[in-house]
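Data block below; observations after.
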Amino acid sequence: PDPMLAGEMHGIVPTSVCASVSEPTMKERYPMMCWCSTEGPQHPEGLCRATRQGHRGRLPLTSKLLWAAPFFGWHSMKSLKVGYMQRFYTDDYPRASFGIMAFASVLSVLMDAFTDPTMASWTDGLRSKFGRRRPFIFAAAFFVPTAITLGWTPSLVSPGIAASLWYGAFHIMYKLADTLLLIPLEAWGAQLTPVYKESTSVWTTRKLMGDFGIIVGIAVVPFFFVTRSCLATPDDGCVEFPAINIVYGIGFACSALLLAWRGKEPPPAAKIERVRYSCEDTIPMLIATFLNRPFRSVLAVEAAKAAGQDIPYIILPYLTAWLLGEKCLPSTKVFQYIVLCNLGMGLLSVPLWSCFVSRTSKHAGTLAYNLLLGVVMLVCVSFGHDSGDCSMTTLMIGVLGIAAGPALAGNFIVWALLADSVDYDELLTGGRRREASYYMAAQFVPKFLSIPAESVPFLLLAYFKYARPLKASFKPLCGNPPAGMTPDDLCHAFYMNETAGANWCSDILTCQNLHDNGVTFICDLAFGECGIKQNDNVRMVLRMCLSMIPSLFGFLAAGALIAYPKQARSEEAHTKVIAAIARVKQGEIVEDPWRPGSMIHPAEPPTELAGALSYFWPSELKSCLDRGSGAGAAEPADVSRLWHRPLAVTLVGLVLIPPGIAVVTAGFPDLFDDLGASVSPLGLMAIGVGISGAWFNGMRVRVALHLQRVGVSRKEVAARYNVVAPFVGGRRVDL
């Protein structure tokens with residue numbers, strides 16, 4: 001043991017780690033940690049200004065802020081887009097088609113999901129003097145703000161179909177920008193420190209920077225600079241949104257470039273020679289991460305979040321405008337008040353969540369976060385249209401802003417829990433770090449499940465005849481109606497007297513058409529002018545998306561955490577993993593602290609066909625060994641059945657593609673209607689599922705046939721099985 005290291009890291013890194021890892025090794029593996037100290041020989045760098053006793057193996061606040069700063073600019077741009085862009089495209093000048101926008105959302109998520117594994121493989125496997133992460137952060141500094149800013153400029157094309165296609169093109173670029181930035185950046189965060197509490201602190205800092213970015217991006221700046229002309233006046237354009245995004249983009253670029261310049265990474269590992277089939281390929285990476293027991297629970301939580309918990313925030317601008325209405329306050333102001341209260345209460349609650357986690361565990365914090373969110377969202381089922389007394393407006397701000405804020409503040413704990421899964425994987429693999437693979441996998445499946453959340457609500461709005469805002473030039477004042485009439489009566493009477501060809505309500509539908517669709521003409525008392533109330537079906541869709549669906553998925557996420565290993569739920573358990581990693585790297589055989597009785601051996605050099613064998617699950621490899629169990633180690637393994645199950649699943653995936661194409665074709669003309677109430681996006685979802693299944697299992701069939709052709713010995717199959725056996729608690733096979 002290095003006594004200087006143990007002295008410096010006393011109370012920070014567990015003693016078992018200090019006793020097992022030399023100081024130079026720790027400095028190399030975690031270069032952004034600081035080792036200044038007043039005890040023992042002074043380090044060349046001396047003491048940092050911010051501390052009197054020295055950091056002694058801790059991660060300085062400046063390092064955390066340097067890494068987390070890009071999240072501020074990213075969330076500023078992202079929140080502005082998520083909060084305003086879709087309603088701007090549908091209700092303002094662009095008059096975009098819901099169908100084309102939904103189709104673009106499905107296509108963008110599919111492209112995004114399939115590029116995630118490639119990005120993870122690139123950033124994990126990059127061997128560059130600039131590091132594994134910095135080159136991608138440098139590229140993202142320019143690509144991300146450019147892609148998002150151009151999405152705010154549909155005025156460069158004509159409204160309608162052209163604007164819809166413009167949205168689609170740059171929404172796809174936005175999703176690719178997400179991949180380029182977040183996978184390497186979050187993987188970098190997972191390798192900043194090995195210390196349990198410091199890891200939580202890192203993700204807390206990320207949470208705070210992201211939340212501040214959201215507050216500024218979606219509420220503070222738009223509150224002062226975004227006018228109603230950018231959201232609900234179809235007869236004019238908007239310059240505020242692109243101008244604001246340019247400012248956010250400059251700030252993001254500066255923080256990303258600063259991180260690329262000042263950030264430090266561990267030295268690159270020895271370059272691995274590429275072979276035809278490698279453990280670094282996408283499918284082996286996905287299989288390897290899915291085998292990780294703690295990670296599967298984390299993945300289920302993220303999947304539930306993507307499939308249901310995020311829906312209210314995708315459609316929140318529509319909720320405040322059309323479920324609540326504007327009889328009390330302008331919908332944009334209500335939206336901003338909700339966001340400000342939500343994030344403000346969330347920021348105040350982050351220390352409470354951190355305290356709760358430190359006194360209990362990350363698992364308990366994640367469980368409490370999902371249960372609390374499920375209860376809060378269930379209350380929202382009572383929301384409806386404000387009658388003008390502001391009671392419903394107050395209730396919505398109170399529940400979605402003040403009550404939901406502390407609940408949502410706990411979502412950063414999930415990522416801290418994920419960091420523990422990455423450490424556990426390092427133990428199971430005998431010392432190999434695969435941060436980006438895990439952060440990619442944590443987004444890969446949820447992205448597929450987010451497809452319905454991002455598209456189906458808008459398809460339903462179009463199907464149930466969503467009504468766009470009325471023309472601003474034909475909105476009579478209604479604050480002082482004649483005697484015997486209510487303000488709503490005045491508006492109804494005005495629009496029912498529309499003359500033929502007058503186009504008071506829109507250029508496509510007459511006012512009578514809107515009335516026949518169930519739309520009610522009312523007086524928006526917040527402005528003292530006439531407006532509309534959506535039909536009952538549209539408001540039912542909004543209410544379900546706000547309450548029942550996210551509440552259900554909150555409880556499902558909490559249920560998934562029951563499967564999280566009990567032995568892995570405490571800080572002490574994580575400390576044991578870190579100590580075991582150090583021992584297994586020194587060549588010792590250790591017991592899995594999270595699966596008592598399972599022994600982990602040091603990593604052995606891969607065999608010639610290890611990459612090809614990594615395409616298969618442990619049970620499939622074990623079945624190859626069980627067939628012909630009496631044969632010797634050098635005898636050929638029976639791999640003749642490895643392709644059977646993958647082929648069956650491949651055929652199921654292929655069967656989904658023709659019906660999907662038929663649905664896309666049948667609904668394609670409807671995409672170009674005014675609202676785009678088309679089934680084509682649903683067909684594209686079926687195609688995406690079919691292609692995904694056929695690709696994943698089709699590649700496994702190809703590899704199985706390759707193994708059958710070249711032949712593989714039982715010894716090689718056993719060697720590969722022994723690599724993955726610790727993930728499932730299996731016994732080693734010694735031939």
Side-chain angles (χ1 to χ4, degrees), residues 77-108 146-175 218 222 225-246 314-318 320-322 331-332 335 454-455 457-463 465-475 503 505-509 514 531-532 534 538 669-678 680-681:
M77 293 184 289
K78 179 181 178 179
S79 62
L80 188 71
K81 173 180 168 59
V82 172
Y84 297 100
M85 184 175 284
Q86 283 182 308
R87 190 175 171 216
F88 164 64
Y89 266 85
T90 59
D91 288 5
D92 206 84
Y93 159 81
R95 299 186 61 86
S97 160
F98 280 103
I100 293 178
M101 292 174 66
F103 193 90
S105 294
V106 176
L107 184 60
S108 67
T146 300
I148 299 178
T149 300
L150 287 175
W152 283 111
T153 58
S155 56
L156 298 176
V157 297
S158 58
I161 302 303
S164 305
L165 297 175
W166 185 272
Y167 172 87
F170 288 103
H171 188 67
I172 291 172
M173 289 185 64
Y174 156 75
K175 289 291 188 179
I218 200 173
F225 296 104
V226 174
T227 63
R228 195 181 180 212
S229 63
C230 285
L231 291 172
T233 52
D235 17 15
D236 60 14
C238 174
V239 297
E240 290 94 333
F241 284 135
I244 292 172
N245 198 82
I246 289 174
I314 295 173
I315 63 168
L316 185 57
Y318 296 89
T320 57
W322 305 121
S331 62
T332 53
F335 173 77
E454 292 189 12
S455 57
F458 297 103
L459 291 177
L460 291 174
L461 292 180
Y463 177 78
K465 302 185 184 303
Y466 174 89
R468 302 185 194 271
L470 301 173
K471 285 185 174 181
S473 52
F474 292 98
K475 284 188 175 182
N503 295 334
C505 292
S506 77
D507 294 331
I508 297 174
L509 298 176
L514 292 178
I532 58 172
Q534 300 286 346
V538 168
D670 296 333
L671 286 174
F672 302 95
D673 290 344
D674 178 41
L675 293 176
S678 169
S680 288

Between Thr149 and Met77, does the side-chain contact (heavy atoms from CB on, under 4.5 Å) criterion hold? Intermediate values first, please. CA-CA 9 Å; Thr149 300; Met77 293 184 289; 5.6 Å; no

Residue pair Met173, Thr146: steps toward the side-chain contact (heavy atoms from CB on, under 4.5 Å) verdict: CA-CA 9 Å; Met173 289 185 64; Thr146 300; 5.8 Å; no

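With sequence neighbours left out, Trp152 forms a side-chain hydrogen bond (donor to acceptor under 3.5 Å, both in side chains) with no residue at all. Applying the side-chain hydrogen bond (donor to acceptor under 3.5 Å, both in side chains) criterion to Thr332, with sequence neighbours excluded, gives no partner residue. Partners of Ala169 according to the side-chain contact (heavy atoms from CB on, under 4.5 Å) rule, which considers only residues two or more places apart in sequence or in another chain, do not exist here. Every ring pair (Phe, Tyr, Trp, His ring centres under 6.0 Å) that Tyr167 has, sequence neighbours left out, goes to Tyr89, His171. Checked against side-chain hydrogen bond (donor to acceptor under 3.5 Å, both in side chains), Ser455 has no partners two or more places apart in sequence or in another chain. Checked against side-chain contact (heavy atoms from CB on, under 4.5 Å), Ser331 has the following partners two or more places apart in sequence or in another chain: Arg87, Thr320, Ala321, Glu326. For Phe672, the ring pair (Phe, Tyr, Trp, His ring centres under 6.0 Å) test picks out Phe668, with sequence neighbours left out. For Tyr84, the side-chain hydrogen bond (donor to acceptor under 3.5 Å, both in side chains) test picks out Gln336, with sequence neighbours left out. Not counting sequence neighbours, the partners of Ile244 by the side-chain contact (heavy atoms from CB on, under 4.5 Å) test are Leu80, Val221, Phe225, Val226, Tyr248. Not counting sequence neighbours, the partners of Ile532 by the side-chain contact (heavy atoms from CB on, under 4.5 Å) test are Trp322, Ala467, Leu470, Val519, Phe521, Gln534.
Nearest approach of Ser164 to Ser97, heavy atoms of both residues: OG-N, 2.9 Å. Smallest separation of non-hydrogen atoms from Phe88 and Pro154: CE2-CG, 3.7 Å.
When only modelled atom types and interatomic distance are considered, Thr90 and Tyr318 share a side-chain donor-acceptor pair under 3.5 Å.
Remark: Leu675 CG to Leu509 CG distance equals 7.5 Å, nearest 0.5 Å. Summarising the geometry, atom CG belonging to Leu671 is positioned 6.0 Å from atom CD1 belonging to Ile100; distances are rounded to the nearest 0.5 Å. Atoms CZ and CD1, from Phe335 and Ile218 in turn, are 3.5 Å apart once rounded to the nearest 0.5 Å. Note that the CD atom of Gln86 and the CZ atom of Phe98 stand 8.5 Å from one another [nearest 0.5 Å]. To the nearest 0.5 Å, atoms CD1 (Ile148) and NZ (Lys78) are separated by 9.5 Å. A distance of 6.5 Å separates OH of Tyr93 from OG of Ser155, quoted to the nearest 0.5 Å.
Within the 4.5 Å cutoff, the side chain of Pro681 has heavy atoms near those of the Leu459 side chain. Within the 4.5 Å cutoff, no side-chain heavy atoms of Ile508 are placed close to those of Arg468.
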Exercise answer: donor-acceptor pairs, residues 101-108 side-chain atoms, under 3.5 Å, sequence neighbours excluded:
residue, atom, partner, partner atom, Å
Ser105, OG, Met101, O, 3.0
Ser108, OG, Ala104, O, 3.1
Ser108, OG, Ser105, O, 2.8

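Residues in residues 156-175 take part in these salt bridge (charged side-chain N to carboxylate O under 4.0 Å, His left out) pairs, two or more places apart or across chains: Lys175-Glu454.
Environment of NZ in Lys465: sparse, with no more than 12 heavy atoms of neighbouring residues, nucleotides or ligands closer than 6.0 Å.
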